[in-house]
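Read through the structure below, which is laid out as C-alpha cells, and then see the notes.
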Amino acid sequence: MAKAQPAGTRGERNRGKVTEVETYGIERIPEKDRNASAFDLFRVSFGGANTFATAFLGAFPILFGLSFWQGLAATVTGLVIGALLLAPMAVFGPTNGTNNAVSSSAHLGVHGRIVGSFLSLLTATAFFSISVWSSGDALVGGLNRLVGLPQDMGSFAVAYGLFAGMVLVVCIYGFKFMLLVNKIAVTAATALFVVGFIAFAGELNLNFEGAFGTGFDGVGIAGFIPAFIGAALIVMSNPISFGAFLGDWARYIPTDTPKRRVMGAALLAQLATLVPFVFGLATASIIAAKAPEFMDPAAPNYVGGLLAVSPAWYFVPLCAIALIGGMSTGATSLYGTGLDFSSVFPRFNRVQATLIIGVLAIVFIFLGRFAFNLVQSISTFATLIVTCTAPWMVVMIIGFITRRGWYDADALQVFNRRQTGGRYWFNHGWNLRGMSAWLISAAVGLSMVNMPGQFQGPLGNLGGGVDISLPASLALAAVLYLGLLWIFPEPRAVFPAAGPRWVPSKDTPVTPVLDAAGIAVPVASGGAPALEMPGDRDSELVARP
C-alpha cells in the first residue's frame, strides 16, 4: 500500500506559471515552492555556458601556440578539474533554500557573507558584459555578410541594446522564465554548434601544428609547459566562475533531492561545455591557418576570424547561436546579479534590484564598448575575479564537510532581517577563520597572476612564466582554513549532534538574536529548528542552544 505524501512533497508543490513574476529573493524558499529538479540545474548551467563566450575561451590553446591535439588535452584537463571543484557548490542551494552568498554566513560570518555577494555581483556583471559583446559582434558580423548590414556604431548599439533589453525582461520575470529560455537554448545552441562542426569539417585539420609540433614530442621545448598550463587554467576558470551564484538556481531544488544527483547535474553541465570549447578550438585552428591576422595573441578577434572563414550558408546558424547564446548566458548572469544585490541591500526586492543592476550593467556595456574600450580589460577583470572566487569556494566546501552538511537555515537569515547574534555571529558578525583564509589566499593568488600585456602581479614570475595563481590560491586556502579551524576551534553550536568532522570544537555560548531595536527575538538561538539533511544520520531535528 502506497504511503501518503507529506505536505510539501513533489505531488503538492506549487508549479506556478512561467509568466508570473518571481517574488522570492534570498529568503529561504518554502518546500512547497521547490519545483525545480537536478536536470533543471543542468539545463540552466549548461545553457548559460553554451555560447560564443565559451567558444572564444576554447580558442586560447591555439593562441598560446598549441596544436589541435595539445589544445584538446589542455581543454579536457582544465575542464574536468574545474567541474570537479565546482560540483560541491551545488549542494548549498537545496540544503538552505537560498543562494550561496547567504549560505556562506555559516563559514564567513553574518557580515562576512557580503564577500560572496560582491564576488557574485562582480562576476555576473563581467560575464554579462562579455556575453553581450561577443554575441552582439557575431550577430552584426553575420548580418553584414548575409544582408550587408553596416558594421558601424549604430548597428552594434542596436544589437547590444536588443540583447541587454531581452535579457533584462527575462530576469525580471525570474527563475521559471529563465529556465524556459535555457530549455530552448540547450537543445538549439547545441544543435547549431553540431551544424557548425559539419560546416567546417572540410577545413578542419586535426594535425594542425602549433609552435611545439603536432603531438607531445615537443613537451621538452621551452615554453610548452607554460602554454599548456596557461591554456588549461583559462578553461578551468570558466566552471569556477559559476561557483558564487550556482545556488541562485539550485535553491529551487527540494531539500530531499540526493546531494550526489545535484552535484552530478552541476558536473555534467560543465563537462557538456566541451561542445562549445571544442568548437572554439577547432575553428581557431582553421582561422590560424586561413586568416592568421585574426589570431594575433596581442589582439585576438575570434568572432571576426570565424566570420571570415565561415561558409555563406552558415551565417544564419551563426546569427542564431549569437541570439540564443547571448540570451541564455546573459540571463543566468544578470539574474544572479539582481538576486545578490537584493541580499546585500534587503530594502530592495528582487525585481527592484534586478532593474537597478540591469540598467547600470547596460550603461557599463555601452561605455565599455564605445567610450573607454574596456572589452579586453573586462576579460582581465573576469580572470582576477575568478582568482578571488576560487579560495572562497574552498572555504565553503571544507566548511560543508566539517559541518557534516548541517546548517541552521533560519540563523543564516539574520543579516537579511537586520538582526544581530545567532549561531553564525562569531566575532561581531565575522568568522575570522574563514575570512582570514580567504583574504590571504586571494591576495597571494592575485600577486601570482601572470597575464602578459594585461596584468602581472609582483610574484607573477614565480612559476617560471606559468600563471600559477589559481592552483596556488586553491591550495593555500585549504591549508590555511583547516589550520585555523584546528588552532582556533569553532563553537560547538555550529555543528550537528555528531560533532565536527576532521576538526575540534569548543563550548562557546550562542549570542542571543536581537532585532533592530535591540529586543531579543523570542526564538531559541534566534531561529527555527536546525534542519536535518535527508539521508544524513549525523543530523538532528532539534536546534541546540
Next on the checklist: Go through it in stages, so that I can follow the logic: the residues are Val449 and Leu384, the test is side chain to side chain contact (heavy atoms under 4.5 Å, CB included), and I'd like the CA-CA distance, side-chain angles, deciding distance and then a yes or no.
Outcome noted: CA-CA 8 Å; Val449 170; Leu384 299 180; 3.9 Å; yes

Can you confirm whether [X] sits close enough to [Y] that some side-chain heavy atom of one is under 4.5 Å from a side-chain heavy atom of the other?
X: Asn99; Y: Val102; value: yes
X: Phe200; Y: Pro311; value: yes
X: Asn205; Y: Ile286; value: no
X: Leu246; Y: Leu41; value: yes
X: Val169; Y: Met166; value: no
X: Phe224; Y: Leu66; value: yes
X: Ile225; Y: Phe228; value: no
X: Asn100; Y: Trp392; value: yes

Without swapping roles, check the side chain of [X] against the backbone of [Y] for a donor-acceptor pair under 3.5 Å.
X: Thr283; Y: Leu306; result: no
X: Thr77; Y: Ala73; result: yes
X: Ser104; Y: Ala101; result: yes
X: Arg43; Y: Val186; result: no
X: Asn96; Y: Thr98; result: no
X: Asp40; Y: Ser37; result: yes
X: Arg34; Y: Ile29; result: yes
X: Asn144; Y: Leu149; result: yes
X: Arg251; Y: Asp248; result: yes
X: Ser120; Y: Ser117; result: no

Let me confirm one number: the [atom1]-[atom2] distance from [X] to [Y], rounded to the nearest 0.5 Å.
X: Ile468; Y: Ile229; atom1: CD1; atom2: CD1; result: 9.0 Å
X: Leu470; Y: Ile81; atom1: CG; atom2: CD1; result: 10.0 Å
X: Leu274; Y: Leu72; atom1: CG; atom2: CG; result: 7.0 Å
X: Leu267; Y: Leu84; atom1: CG; atom2: CG; result: 5.5 Å
X: Cys319; Y: Leu143; atom1: SG; atom2: CG; result: 4.0 Å
X: Leu139; Y: Leu162; atom1: CG; atom2: CG; result: 7.5 Å

Next on the checklist: Below 30° counts as parallel, above 60° as perpendicular, anything between as tilted: where do the rings of Tyr302 and Phe56 land?
Outcome noted: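 Ring orientation of Tyr302 relative to Phe56: tilted.
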
Work out which heavy atom in [X] is nearest to a heavy atom in [Y]; give both atom names and the distance.
X: Phe208; Y: Ser67; value: O-CB, 3.1 Å
X: Gly445; Y: Ser473; value: CA-CB, 4.1 Å
X: Asp33; Y: Tyr252; value: O-CD2, 3.4 Å
X: Val140; Y: Ala159; value: CG2-CB, 3.6 Å
X: Val309; Y: Ala291; value: CG1-CB, 4.3 Å
X: Leu307; Y: Gly141; value: CD1-CA, 3.3 Å

Checklist outcome for this item: ring-ring contact (aromatic ring centres under 6.0 Å, His included) filter on Phe315, not counting sequence neighbours, yields none

Checklist entry - ring-ring contact (aromatic ring centres under 6.0 Å, His included) with Phe46: which residues, sequence neighbours excluded? => result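 Counting only residues at least two positions away or on another chain, Phe46 forms a ring-ring contact (aromatic ring centres under 6.0 Å, His included) with Phe42.
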
Item to check | Verdict with reasoning, Phe277 to Leu281, per side chain to side chain contact (heavy atoms under 4.5 Å, CB included) | outcome: CA-CA 6 Å; Phe277 269 119; Leu281 177 69; over 6 Å; no

Checklist entry - Which residues pass the side chain to side chain donor-acceptor pair (under 3.5 Å) test with Ser155, sequence neighbours left out? => result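 Counting only residues at least two positions away or on another chain, Ser155 forms a side chain to side chain donor-acceptor pair (under 3.5 Å) with Asp152.
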
Next on the checklist: Test: side chain to side chain donor-acceptor pair (under 3.5 Å). Region: residues 268-279. Which pairs qualify, not counting sequence neighbours?
Outcome noted: none

Item to check | Option passing side chain to side chain contact (heavy atoms under 4.5 Å, CB included) with Thr257 (candidates Arg261, Lys259, Arg260) | outcome: Arg261

Checklist entry - Run the ring pair (Phe, Tyr, Trp, His ring centres under 6.0 Å) check on Phe197 and Phe279 step by step: do they pass? => result CA-CA 7 Å; Phe197 283 112; Phe279 179 85; 5.7 Å; yes

Checklist outcome for this item: Applying side chain to side chain contact (heavy atoms under 4.5 Å, CB included) to Leu122 and not counting sequence neighbours gives Phe381, Ile385

Next on the checklist: Enumerate the salt bridge (Lys or Arg N to Asp or Glu O under 4.0 Å) contacts for residues 194-211, please, sequence neighbours excluded, ordered by first and then second residue.
Outcome noted: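 Listed by first then second residue: Glu203-Lys290.
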
Item to check | Trace of the side chain to side chain contact (heavy atoms under 4.5 Å, CB included) decision for Val278 with Phe193 | outcome: CA-CA 10 Å; Val278 173; Phe193 273 125; over 6 Å; no

Checklist entry - So Thr389 and Ser241, side chain to side chain contact (heavy atoms under 4.5 Å, CB included) or not? Walk me through it. => result CA-CA 7 Å; Thr389 302; Ser241 69; over 6 Å; no

